[in-house]
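Quick notes on the structure that follows.
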Amino acid sequence: MSINRAACIAGIYEHPTRHAPDKSLAQLHAEVAKGALEDAGLSKNDIDGYFCAGDAPGMGPISMVDYLGLKPRHVDSTDVGGSSYLLHVSHAAQAIAAGKCDVALITLAGKPRSEGMATGTAPRVVAPSVPDAQFEQPYAPTIANMYAMVAMRHMHDWGTTSEQLAWIKVAASHHAQHNPHALLRNVVTVEDVVNSPMVASPLHRLDCCVITDGGGAIIVTRPEIAKNLKKPVVNILGAGESPKHTDGGRIDLSYTGIEAAGRRAWEESGVKPADMKYASFYDSFTITVLKQIEDLGFCEKGQGGRFVSDGNLISGVGKLPFNTDGGGLCSNHPANRGGLTKVLEAVRQLRGEAHPAVQVKNCDLAVASGTGGSLGTRHGAAVLVMERA
Amino acid sequence: MMTTQRKILAPVANVETQAYWDAADAGKLLVKKCQSCGEPHFYPRALCPFCFGETEWQETNGEGEIYSFSVMRRAETPYAIAFVKLDAGPTMMSNIVDCDFDGIAIGQRVRVVFQPSNGGHKVPMFTPV
Ligand SMILES: [Zn+2]
C-alpha cells in the first residue's frame, strides 16, 4: 500500500505567539486545533483521528483527547522528538488510506521560553533505566554539543567552514524580516554569525535556533473530503522515516537518518530533489540544514557548504528557497520541536499563501524534512513530499 | 587553557553493567564482545546489538583516537566532549581532559584516565598521548 495521493493536508495553523506565560500548555493545543479546523472549514466533530507527541501533557494521546473533547477512532502518539509531526502526517495518511479515520488532527505546543529552559546548552535529565544514560550523562552531552560534533567532523572531512554554515542563518534571516510573527526579524550577515559568541565549537550563538513558546496544528483528510473544502488542496505524494543511532559503537557522523528516510520518500512520491520548488528543513542548528540537504540528495555528499553559500537558499535569489517563514533559526521553535512548522510553511508555499516577498512562483512541489533528538547519537528522521493538486 | 574541575554526574550502574564500572574503579576500560559473531560493541549490552548473541567482557588497551569533539563554552566550566574510536574497535562518548582545549584535534591519539564522579564510580575519560 502506498500513500501516494491517498491523503491531503486540508488545514494548518501556526499560533502567532512566541511567548505565552498567560496560557496553559493544554490551552495552546486547543487553540491550534481550533485554528486548523477553521482554516480547513471543518468542525470539531469531524475529527476522528488524533496525533500528538511528547510535548502533549498526559498519557500518550489520552489526556489530550479528554481535554479537547475528541472521540477519535484512531490515535497515534509516536514520539521521535522534533521529527514526530512530519511522521504523524505520514502515519495519518496511512490510517486514512487504510480506512481507519477520515479527518486526522495533529497538534504541537510548548512553553520553553516562558519556562526559561536552557534548551540546547544544559544537559537533559535522563532516567537511569535508559540504557545509554550511564555511558553518556557523566560526559555532559547537550543538544548543542551533540550537533556540534557533527559539524566538527563535517569540517574535518570536507573542509566546510563556519562562513558556509553562516549562510544558512543569513538566508533564514532574509525570510524572517517579512514574517510579522518571527521572533528575530533583523537581517544578519555572515560576519554577524561567525562573530557571535561560541556556544559549542564550532557552533556559534547564531548557528542555533530560537527558543519560543507556541505551537501549531495540521488537518489531514482524504481527497474526496479535501476537494470540497475552501482551501487549495495539498496532496501527500510520499513519505519516509528512519531512526538512526550509535550502531553498537560504529558511530558514523557522515550521514543522518534523513538519508534512508529521503530515499523512501523520493521512491514513494516518484519525484526527485531537482523537481522541488521549495524545501522546509528542520533548522535546530545550521548544521542540521546542511546535513539534510546532502542526505536528501540536493547536492553531493560533502558539498553542502558550497551549496548553501552565496544566498542559494534565499527565495528569489538562490536555487532552493528554504524555510521562507524564517524557520526555527529566526521565527519559531515551539516546544523545542521544529517538525510541525516545517510542514506549515511548505503548505503555505504550495497554496500560494506565503508572504509575497518570499512566495515561490508556481510552487507545485515541496519537501519537508526533519530530525528529532540528537544528531550526534540517536535521532528520529522523517521526510514528506507534497504537491499542489 | 587547562581544564578545571567540572562536577561529573555519577553513572548509575545496573546488574547488566556493574562489571564495567567495577573495572573502571580498578583502572581498566572494558568493552563487550559477542561470543557468536565476535564483534565488539559499545555501550555494553548482555546481548549483541548486531546478532543477539551472548556477550563477554574484554579488556582494552585504553587507547584510541578522537573521531570528533566539541568544546562547550557556554557552561560554568567549559569542557570538551568527544567520540573516541578505541583501538579495541567501538567508538565511545567521553570527555577530553588535562589538556589545552584549543589543541584538541580530530585524529589525535588519546589514552584513558579515570576521573572521580560526584559520589560514584570513576568515569573513563581521555587525554592526549
Ligand atoms: Zn554478535
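Only this structure's heavy atoms are used, side chains among them; waters, hydrogens and symmetry mates stay out. So that the names make sense, note that chain A is the first sequence line, chain B the second, and so on, each numbered from 1.
Note: A/Ser201 leads A/Ala200, A/Ser201, A/Ala122 in heavy-atom pairs under 4.5 Å with chain B. Looking only at heavy-atom pairs under 4.5 Å with chain A, the residue among B/Ala75, B/Ala82, B/Pro40 that has the most is B/Ala82. The candidate from A/Pro131, A/Pro128, A/Pro202, A/Gly376 with the greatest count of non-hydrogen atom pairs under 4.5 Å with chain B is A/Pro131. Annotation: maximal heavy-atom pairing with chain A below 4.5 Å, among B/Met93, B/Lys7, B/Met92, occurs at B/Met93. For the set B/Ser117, B/Cys48, B/Pro90, the count of heavy-atom pairs under 4.5 angstrom toward chain A peaks at B/Pro90. Note on A/Thr121, A/Val150, A/Thr246: by heavy-atom pairs under 4.5 Å with chain B, the leading option is A/Thr121. The choice from B/Val123, B/Ile81, B/Val31 that makes the most heavy-atom pairs within less than 4.5 Å of chain A is B/Ile81.
With a 4.5 angstrom heavy-atom cutoff, A/Leu253 touches chain B via backbone and side-chain atoms both. Proximity to chain B involves both the backbone and the side chain of A/Asp252, based on heavy atoms less than 4.5 angstrom apart. Looking at B/Ala13, the atoms closer than 4.5 Å to chain A (heavy atoms on both sides) sit in the backbone and in the side chain alike. For a residue to count as touching a neighbouring chain, one of its non-hydrogen atoms must lie under 4.5 Å from one of that chain's; by this rule B/Gln115 does not touch chain A.
A donor-acceptor contact shorter than 3.5 Å links the side chain of B/Tyr79 to the backbone of A/Ala140. Put simply, the side chain of B/Ser70 never gets that close to the backbone of A/Ala148: no donor and acceptor are under 3.5 Å apart. With A/Arg153 contributing its side chain and B/Tyr67 its backbone, the two residues share a donor-acceptor pair below 3.5 Å. No donor-acceptor pair under 3.5 Å is formed between the side chain of B/Ser68 and the backbone N or O of A/Met152. Side chain of A/Tyr139 to main chain of B/Ala80: no donor-acceptor pair is present (N/O by atom type, distance under 3.5 Å, no hydrogens or angles).
Environment of CZ in A/Arg18: crowded, with over 12 heavy atoms of neighbouring residues, nucleotides or ligands closer than 6.0 Å. Atom CZ of A/Arg306 has 12 or fewer heavy atoms from other residues, nucleotides or ligands within 6.0 Å.
When all heavy atoms of A/Gln134 and B/Trp21 are compared, the closest pair comes out as OE1-NE1, 2.7 Å.
Judged by the 6.0 Å and 45° rule, A/Arg250 forms a cation-pi pair with B/Phe50.
In this pair, A/Phe135 and B/Phe42 present their aromatic rings perpendicular. The plane angle is above 60°, beyond the 30 to 60° band.
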